[in-house]
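Atom set for the values below is all heavy atoms of this structure, side chains included, hydrogens, waters and symmetry mates excluded. By convention in this document, chain letters (A, B, ...) are assigned in the order of the sequence lines, proteins followed by strands, and residues within each chain are numbered from 1.
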Protein chains: 2
Amino acid sequence: MKPKITLKDIARELEVSISTVSKALKNSEEISRDTKEKIQAFAKLYNYRPNNIAISLKNKRTKNIGVVIPDIVHHFFTTVIRGIEKYANARGYNVIVCSSDESFDREVINMEMLANGSIDGFIMSLSSETQLKNDYNHLKEVTEQGIPVVLFDRITHEVECDKVIIDDQLGAYMAAKKMIDQGRKKIGLITTADYLSVSKERTDGYRKALVEHGLEIDESRILKLSSMDMDEELIENFFESADMDAVLCVNEIFAVFGMRLMQKKGLRIPEDMSFIGFTDGFLSQYANPSLTVIAQHGQKMGEISAQMLIEKVESEAEVETYQTKILEPTLVVRDSTIN
Amino acid sequence: MKPKITLKDIARELEVSISTVSKALKNSEEISRDTKEKIQAFAKLYNYRPNNIAISLKNKRTKNIGVVIPDIVHHFFTTVIRGIEKYANARGYNVIVCSSDESFDREVINMEMLANGSIDGFIMSLSSETQLKNDYNHLKEVTEQGIPVVLFDRITHEVECDKVIIDDQLGAYMAAKKMIDQGRKKIGLITTADYLSVSKERTDGYRKALVEHGLEIDESRILKLSSMDMDEELIENFFESADMDAVLCVNEIFAVFGMRLMQKKGLRIPEDMSFIGFTDGFLSQYANPSLTVIAQHGQKMGEISAQMLIEKVESEAEVETYQTKILEPTLVVRDSTIN
DNA sequence: AAATGTAACGAAAACGGTTTCGTGTTGATA
DNA sequence: TATCAACACGAAACCGTTTTCGTTACATTT
């Protein structure tokens, strides 16, 4: 085992001072050619690498980004992470990922763990419990300490910081309009509770599309699931009781599950009932029939979030200004709707 | 903006020394009741939190784990991360996630970034390019520096370290046997190149099952895709030309895609052809018909990896001993095989 | 010869903690 | 009354860097 070599080691071996070594390795003009070459050669030979922790302590900058998301095992969030990683790594930043598991407490704990010097800034999406409790003190504390925060997808207006979202209302509107344009009149909606910022927006978009096109809104065609997990029975009952010829779902799982239910009943998709979901993941691509979806562009969202955060981290600006970027969703037409 | 408060700040305000503050906050016996109470109250009031970086520098321990995986947007790997996170967080460790994106260079770069003090140890799964090049010097360098490494799933025997895998050969064997037991005689295999450790093992298990049950191996029923991405045309041709009544696939995407192809041709699943895949993800659960799979227990694998790593990190043992844990795969029977 | 300039390097502080080893004060003991 | 613990606290080293500010020694200028 060969232990890591430090500046002090080099200084001792070469009988110079630590400062000389430090400067020589930075190619400082202060140091003579000879000395620099000698030191650089020695450092290379022994594979010297500066200790990141020491540098962090000195610079008060860690080059780490803290990412706190509700769920790692979720296609949308992983694509966002990929985007964050891509941008951040290219700029020499590492990404520390913490999952809140949809729990308020875990969100708070994770933030506290990271906020004491481990990271330069946060990128996060709120847990459902946080949005339900409507308590954002942990976020406010962090921003008050001057740690930059970027909120994406599941955001709140209670906290002043940069935000990145897609236009969820528009996305739902586009989806509903697509179905209306194809002659569907009885369009249903499967969503989750309104306290989730995205669900509310999507529901609004759905309603808006129907109203604008002269369709009345039948509340029996709207199913609100209380949580993110599948309650299969509720969905089954919904499909039994509601009279629909098209369904918009706020995620791909609800949609794919619904399609299977309908197929078991002998209905044809999209002829007898069409489906549109949110999130353009594997499930949508490989479902049978493949699922038409509103793509949320997770990777793009991640890249933009990282960009906004790093800009804030590296900016020296005294006066803070915050912006909210709204990405356009895209309708990806597949076989669960008529082309 | 209220900046972070340090020991020095407290010491100055309370007119005591830094060491006294430090000890008081640790409830040291050395400090009198009065002083401790005064200091603790002050620290609480101003919400003092020790700076992680300073502690890391002093202790030479970061409480960070570096995780390097080939792909974040992949169900199996995300479940592993979830397992790592769960175990690590409970022990006060953070998880730094880096994706190699199946690239050797990115794997090396990421490891180098983290190896200079940022982490206490690595948990990783090799990129396909690394397994193809068969070059593990970056791993050896790290272990030689005394940084513990745990390899999972995609491993190599070239590096001495702890390892966690599932018995891939047994998994494939179980799957093939399941099909044989149901009377299938013409069992195909869709896999990826042999340089991927897991693919090789699975192919071996498939062959073993066939041979042991008196079925001859027809090489035309084995499709080897060169990479992890879907080459749809190759798969279509394969299904056109090979005469099969069952197919084993090394991942769920190949299987689900294959099922859809067969359904389009009017074949019934599982009656006319049965399918088994690897990885128990959303795709398998929500496919139509749902897919029988060999579950790899990613979360468990993550937890065990984290446990093994943290044990090594925290152990003072002089002499290193390494172990390889082999998890048992599970056959999850669904509707793509006859029950 | 004295004053000045410059090249090349080192000492030391700083980042924010932990920890070891004093040291001054008190009260009890011989 | 001199001695000695025990108590309560502070000084300083240390972790590995960076960076400012000397300080030499020598060459150049007047």
Can a side-chain donor-acceptor contact be found between A:Ser127 and A:Glu102 if the only test is distance below 3.5 angstrom? no

Stems for DNA chain D (at least 3 consecutive Watson-Crick or G-U pairs, under 3.5 Å) come to C:1-30 with D:1-30

Contacts of B:Glu29 and A:Thr6 projected onto DNA chain D by closest heavy atom; the upstream (5') one is B:Glu29

The reported gap from CZ in A:Phe104 to OH in A:Tyr136 (rounded to nearest 0.5 angstrom) is 9.5 Å

> Can you check whether A:Asp9 reaches A:Tyr46 side chain to side chain, under 4.5 Å on heavy atoms?
Replying inline: no

query = Between D:dT17 and A:Tyr48, is there an OP1 or OP2 to side-chain N/O distance shorter than 4.0 Å?
reply = yes

Reckon A:Thr35 touches a base, only the sugar-phosphate, or nothing at all at heavy-atom distances under 4.0 Å? sugar-phosphate

- State whether A:Asp71 and B:Arg82 are salt-bridged, where the test is any N-O pair (Lys NZ or Arg NE/NH1/NH2 against Asp/Glu carboxylate O) under 4.0 Å. yes

Checking side-chain polar atoms at under 3.5 Å, does B:Glu107 have a donor or acceptor matched by the opposite partner on B:His138?
yes

Practice problem: Establish, with yes or no, whether the OP1 or OP2 oxygen of D:dT17 is under 4.0 angstrom from a side-chain nitrogen or oxygen of A:Ser22. | Solution: no

Are B:Ser100 and B:Ser103 close enough, and set up right, to give a side chain to side chain donor-acceptor pair (under 3.5 Å), and what steps lead you there? CA-CA 5 Å; B:Ser100 64; B:Ser103 143; over 6 Å; no

### Message
Under 4.0 Å between a side-chain nitrogen and a carboxylate oxygen: does that hold for B:Arg33 and B:Glu37?
### Response
yes

DNA chain C: first to last nucleotide in contact with chain B (atom under 4.0 angstrom from a heavy atom), 5' to 3', is C:dC15 to C:dC21

Fill in: Under 3.5 Å donor-acceptor pair, A:Lys58 side-chain atoms to D:dT17 base atoms
no

Quick one: do the B:Thr156 and B:Gln131 side chains pair a donor with an acceptor below 3.5 Å? no

The correct set of residues in residues 9-18 of chain A placing a heavy atom under 4.0 Å from DNA chain C is A:Val16, A:Ser17

Run the salt-bridge test on B:Asp162 and B:Lys312 with the 4.0 Å N-O cut-off and return the result as yes or no. yes

| query | Is any side-chain heavy atom of B:Tyr322 less than 4.5 Å from a side-chain heavy atom of B:Lys163? | reply | no

When A:Ile55 and B:Val21 are each assigned the nearest nucleotide of DNA chain D, the 5'-most assignment goes to B:Val21

So, is A:Lys4 close to the D:dG16 phosphate, meaning a side-chain N or O under 4.0 Å from OP1 or OP2? no

Practice prompt. Ignoring backbone atoms, test whether B:Ser19 places a side-chain nitrogen or oxygen under 4.0 Å from the OP1 or OP2 oxygen of D:dA12.
Written response: no

Between B:Lys23 and B:Asn51, the residue closer to the 5' end of DNA chain C by nearest nucleotide is B:Asn51

Do we get B:Arg91 above B:Tyr87's six-membered ring, with its NZ or CZ under 6.0 Å from the centre and within 45° of the axis?
-> yes

